[in-house]
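In this text, all values refer to a predicted model and were calculated from it rather than measured experimentally.
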Amino acid sequence: MKLSYILKKGFFYLFNKPTIIKEQSLERFRVVVPGWLEPGHLYCFDYAIKNLPDNNPILEIGTFAGLSTNTILFFLSKHNKANKLITTDYYWEDITADEKICNVEDPMTTKQYLKDSFVRNVKFFNPKGNIVSSDLPSDDFFVAWEKKEATKNLHGGEFVPGGPISFAYIDGNHVYDFAKRDFENVDKILVPGGFILFDDSADYTHWGSKLVAQEAVKSGKYKIVKKNPHYFVQKLK
């Protein structure tokens with residue numbers, strides 16, 4: 001870890017203390033399901049879901065094995081919200097046939113293993129969750145959204161994406177160009193008063209998602225709810 005990063009992070013925390021909330025129901029769960037979930041995200045999920053502007057769906061871009069997905073579903077249940085959760089993830093489509101993954105004979109099967117893990121984790125931890133999930137890259141998913149094309153639902157059957165949303169968790173590819181497109185596509189369908197949480201966007205990070213979040217605020221269309229430490233914003237217009 002570079003010294004400059006450590007210094008920037010330390011300086012940030014001097015003036016921006018994240019709000020960390022504890023949920024007993026999530027303590028053991030967060031150990032069981034693999035993934036990366038910034039502790040400050042729990043406050044953002046809780047706040048956004050408690051203050052959703054309407055009953056339009058929530059969109060999550062990037063799910064991995066379902067750690068954040070199940071956390072969002074937990075808060076939807078906690079606050080008795082009927083909003084549907086829509087997710088999409090490409091599930092490591094960059095795996096190659098000659099890649100070495102432990103002692104797996106066919107590395108290409110790892111993609112299906114991860115999808116199956118995600119589906120199993122959602123079914124086990126939130127059996128009554130109001131959720132549909134795609135395995136499309138976000139660019140392709142938004143094309144399907146715009147065209148309202150029937151899309152395979154990983155939990156069974158099909159669903160038709162489309163319409164406005166009330167909250168988006170952007171946790172896909174954090175490179176600037178990808179994060180920018182995800183934001184621009186979300187911005188088109190997010191209702192006024194809706195929320196966006198940008199993963200890996202804290203001011204001390206070097207990810208492109210940070211620049212995208214900062215640009216969103218500078219546009220005048222969004223206000224910062226809190227840097228916790230990642231950008232959690234609300235749409236104004």
Nearest 0.5 Å, please: how far is [atom2] in [Y] from [atom1] in [X]?
X	Y	atom1	atom2	value
K210	Y204	NZ	OH	11.0 Å
T87	Y169	OG1	OH	12.5 Å
E23	Y43	CD	OH	13.5 Å
D116	K123	CG	NZ	11.5 Å
L211	F198	CG	CZ	11.5 Å
H41	L67	NE2	CG	10.0 Å

Checklist entry - Among all residues two or more places apart in sequence or in another chain, which pass the side chain to side chain donor-acceptor pair (under 3.5 Å) test with S209? => result none
Item to check | Partners meeting side chain to side chain donor-acceptor pair (under 3.5 Å) with H206 (sequence neighbours left out) | outcome: none
With distance as the sole test, does [X] use its side chain to make a donor-acceptor pair with the main-chain N or O of [Y] at under 3.5 Å?
X	Y	value
H174	G172	yes
T151	E149	yes
N126	V122	no
N153	S133	yes

Indicate the atoms forming the closest heavy-atom contact of [X] with [Y], along with that distance.
X	Y	value
G62	S68	O-OG, 4.2 Å
V212	K180	CG2-N, 3.6 Å
G129	L73	CA-CD2, 4.2 Å
F29	N70	CZ-CB, 3.3 Å
N228	P18	OD1-CA, 3.1 Å
M108	T96	SD-C, 3.6 Å

Looking at [X], I'd like to know if its [atom1] atom is crowded, meaning that more than 12 non-hydrogen atoms belonging to other residues, nucleotides or ligands lie closer than 6.0 Å.
X	atom1	result
E99	CD	yes
K78	NZ	yes
K84	NZ	no

Check whether any side-chain heavy atom of [X] sits under 4.5 Å from a side-chain heavy atom of [Y], and report yes or no.
X	Y	result
L76	N130	no
F125	V32	yes
P229	E38	yes
L37	L42	yes
N185	W145	no
I95	I101	yes
F142	I61	yes

Checklist entry - Between H155 and F118, does the ring centre distance come in under 6.0 Å? => result yes
Item to check | For V175, the rest of its hydrophobic cluster, which grows through side-chain links under 4.5 angstrom | outcome: F178
Please tell me whether [X] and [Y] are part of a single hydrophobic cluster in this structure, the criterion being side-chain heavy atoms less than 4.5 Å apart.
X	Y	value
V225	I72	yes
V143	I189	no
F12	Y231	no
Y113	V33	no
F75	L59	no

Between [Y] and [X], do the side chains contain a donor N or O and an acceptor N or O under 3.5 Å apart?
X	Y	result
H230	D199	no
D203	Q214	yes
D187	Y222	yes

Checklist entry - Once the angle between the rings of W36 and F64 is folded into 0 to 90°, is it parallel (under 30°), tilted (30 to 60°) or perpendicular (over 60°)? => result tilted
Checklist entry - Using 30° and 60° as the class limits, which term best fits the ring planes of F141 and F159: parallel, tilted or perpendicular? => result tilted
Item to check | Residues E215, Y176; criterion side-chain hydrogen bond (donor to acceptor under 3.5 Å, both in side chains); working and verdict | outcome: CA-CA 11 Å; E215 289 173 1; Y176 177 82; 2.9 Å; yes
Checklist entry - Do you know which of V233, I49, N51, I58 makes side-chain contact (heavy atoms from CB on, under 4.5 Å) with F195? => result N51
Item to check | Pair D46 + K50, salt bridge at N-O below 4.0 Å | outcome: yes
